[in-house]
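Below: one structure, written as C-alpha cells.
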Amino acid sequence: MRVDRLLSMLLIISGKGTVTGKELAEHFEVSLRTIYRDIEKISEAGIPVAASSGKGGGYYIMDSYNLSSLFLNRDEAHTFVAVMKNLRGWFGKNEAFNDILLKVEHTYKREPDQDKLTLDLSHFSMDEEVKEYMGIISQAITESRLLVFDYINRDMEYLERMVEPSWIDYRHGHWYVIGFCRVRNGYRRFKLVRIKQLRQGPSYVKRELPDDLIAEAIDHSYSQREIPVVLRFTPRIGAQLTEYFHQEKISRGEDGFYLVSDLFPYEEGLLKFILGFGKECELLEPRELRLELQQYMRNMLLSYND
C-alpha cells in the first residue's frame, strides 16, 4: 500500500467533489479492486469517504469533514514559495494571494544556513497594462464582481463585453480571463492583450458550474469554428514538430517530408501561425484556405513595394 497514492487520492476526491472508482483506477493505473481497498483504508483512518450510485455518482468526502492539511513536505513547500514570490508581481495587491504565501512561509520555515531555491520568471514578459488588469481581474474574482471592457475580435472590431470572471489562464504564451459573457450568453476565453478600458462592475451571484464543465463548454464553442487542415513540412524541421502538434497528428511520407492533419480554428491567427514556419511549411488543404493565404501574402508584399 503506497501512502502517497492514498494522499493523492484524497486530494483528487476533495478537489473534484465526486470521482468514480473507474476514474481513480485509470489515473493511478491500478485495478478497481485496489481502489476499493484504498478507499477502505482511508475510511479506517477516520476520513469519511462515502459513495453514491447512479448517474453522476462516485466517491466523495462528506460535507461535515474538511481536509485542512496541505500535504506538502518541507522541500515541496519551499519550491512552492519560490514560484509564488515570482508570481506575486503579476497579481497586484491581491490580499488572498499574499495571505497564502505568508501562511506557507511561516508554516514551513527554512533554516538560515540552508540554500534557498530561486527562480527567475522574468522571461515571461508582461506589459504594465496587463499587470494592472491582472490585479483588477483577480480582485473581481475574489469579490464576485462583473468585469466590463471593450474587446477587439478577430475582425478587428471593438465590442463592449460584460463578463462574470471564473479564473485567469496562461496558455501558449498569453494570459486569458475565463468567464461567462453576458453579451454572447456563454462561457468564453478573453485574451488580456485584446482588452481595453477594463473596469469592475456590480456584484453578481456566481453560477454553480464545475471548472471542468466550464472548460468543456469553451472547447465546444471554439470547436464550432474548427476546420480540417493539412500541412506539409520539410525534413529539416521534422524533429521539432512535436513542440507544436500532437504526435498522433504527424506522419512522414516516403519522400522524407512530414504531414500534419488536424483541426484548427478558422481565424486570422491560423494564417499567422502557418506563416510563422516560413519556407519550411506548405499549406495543402483546404484549397479555400490556401487561396486565402496566398492573398494574405500578396497584401503583405504591398508594404514592401518601393
Side-chain angles (χ1 to χ4, degrees), residues 1-81 83-84 94-97 99-108 138 140-145 164-171 177-180 186-189 203-221 223:
M1 176 86 54
R2 292 180 59 86
V3 175
D4 56 347
R5 186 174 70 230
L6 298 182
L7 295 179
S8 297
M9 192 179 299
L10 271 176
L11 292 175
I12 291 173
I13 297 174
S14 176
K16 291 190 174 182
T18 302
V19 187
T20 66
K22 181 181 178 182
E23 290 174 332
L24 291 172
E26 291 176 351
H27 179 84
F28 294 104
E29 298 180 347
V30 297
S31 66
L32 268 174
R33 182 173 298 181
T34 298
I35 295 298
Y36 296 152
R37 288 199 300 265
D38 288 352
I39 293 295
E40 184 178 353
K41 287 295 181 182
I42 291 174
S43 299
E44 290 176 357
I47 300 175
V49 178
S52 59
S53 59
K55 186 177 181 180
Y59 294 109
Y60 65 94
I61 298 176
M62 297 178 66
D63 294 337
S64 58
Y65 190 86
N66 291 319
L67 291 176
S68 58
S69 176
L70 285 172
F71 294 115
L72 293 177
N73 61 38
R74 188 171 297 276
D75 289 337
E76 290 171 338
H78 292 310
T79 301
F80 176 77
V81 168
V83 174
M84 292 282 280
N94 186 300
E95 294 183 3
F97 185 95
D99 285 347
I100 293 172
L101 181 57
L102 286 173
K103 286 178 181 178
V104 176
E105 282 186 305
H106 285 90
T107 302
Y108 300 89
S138 181
I141 293 173
T142 302
E143 300 179 0
S144 299
R145 299 178 67 89
E164 303 170 13
S166 298
W167 70 83
I168 298 172
D169 193 19
Y170 183 81
R171 57 172 59 207
V177 57
I178 310 299
F180 185 87
Y187 283 96
R188 294 291 188 272
R189 183 187 302 124
S203 60
Y204 68 96
V205 178
K206 288 188 176 181
R207 299 170 188 267
E208 297 297 328
L209 191 65
D211 291 351
D212 55 344
L213 293 184
I214 293 177
E216 286 183 13
I218 293 175
D219 290 341
H220 177 73
S221 172
S223 68

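Index from 1, following the sequence.
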Could you tell me whether R207 and E164 have a side-chain N and a carboxylate O separated by less than 4.0 Å? yes
Could you work out, with side chain to side chain contact (heavy atoms under 4.5 Å, CB included) as the rule, every residue matching [X], not counting sequence neighbours?
| X | result |
| --- | --- |
| A215 | none |
| S203 | none |
| I12 | K16, V19, L24, H27, F28 |

Do I39 and Y59 have side chains that approach each other closer than 4.5 Å (heavy atoms only, starting at C-beta)? yes
Does the side chain of Y204 reach to within under 4.5 Å of the side chain of P165, using non-hydrogen atoms? yes
Walk me through it: do D219 and R189 pass the test side-chain contact (heavy atoms from CB on, under 4.5 Å)? CA-CA 10 Å; D219 290 341; R189 183 187 302 124; 3.8 Å; yes
Mark yes or no for whether E26, through its side chain, and E23, through its backbone, hold a donor-acceptor pair below 3.5 Å. no
Any donor-acceptor pair under 3.5 Å from K22 side chain to L32 backbone: no
Does F180 have R188 sitting over its ring (NZ/CZ under 6.0 Å from centre, angle to axis within 45°)? no
From L213 atom CG to I218 atom CD1, the distance as rounded to the nearest 0.5 Å: 11.5 Å
Rounded to the nearest 0.5 angstrom, the OH-OG distance for Y187 and S166 is 5.0 Å
Please report the C-alpha distance between I214 and I178 in whole Å, then the side-chain angles of each, then the deciding distance to 0.1 Å, and finally whether the side-chain contact (heavy atoms from CB on, under 4.5 Å) criterion is met. CA-CA 9 Å; I214 293 177; I178 310 299; 4.1 Å; yes
Heavy-atom pair with the smallest gap, counting every atom of Y60 and T18: CB-OG1, 4.0 Å
Verify the neighbour count for atom CD of E143: are there more than 12 heavy atoms of other residues, nucleotides or ligands below 6.0 Å? yes
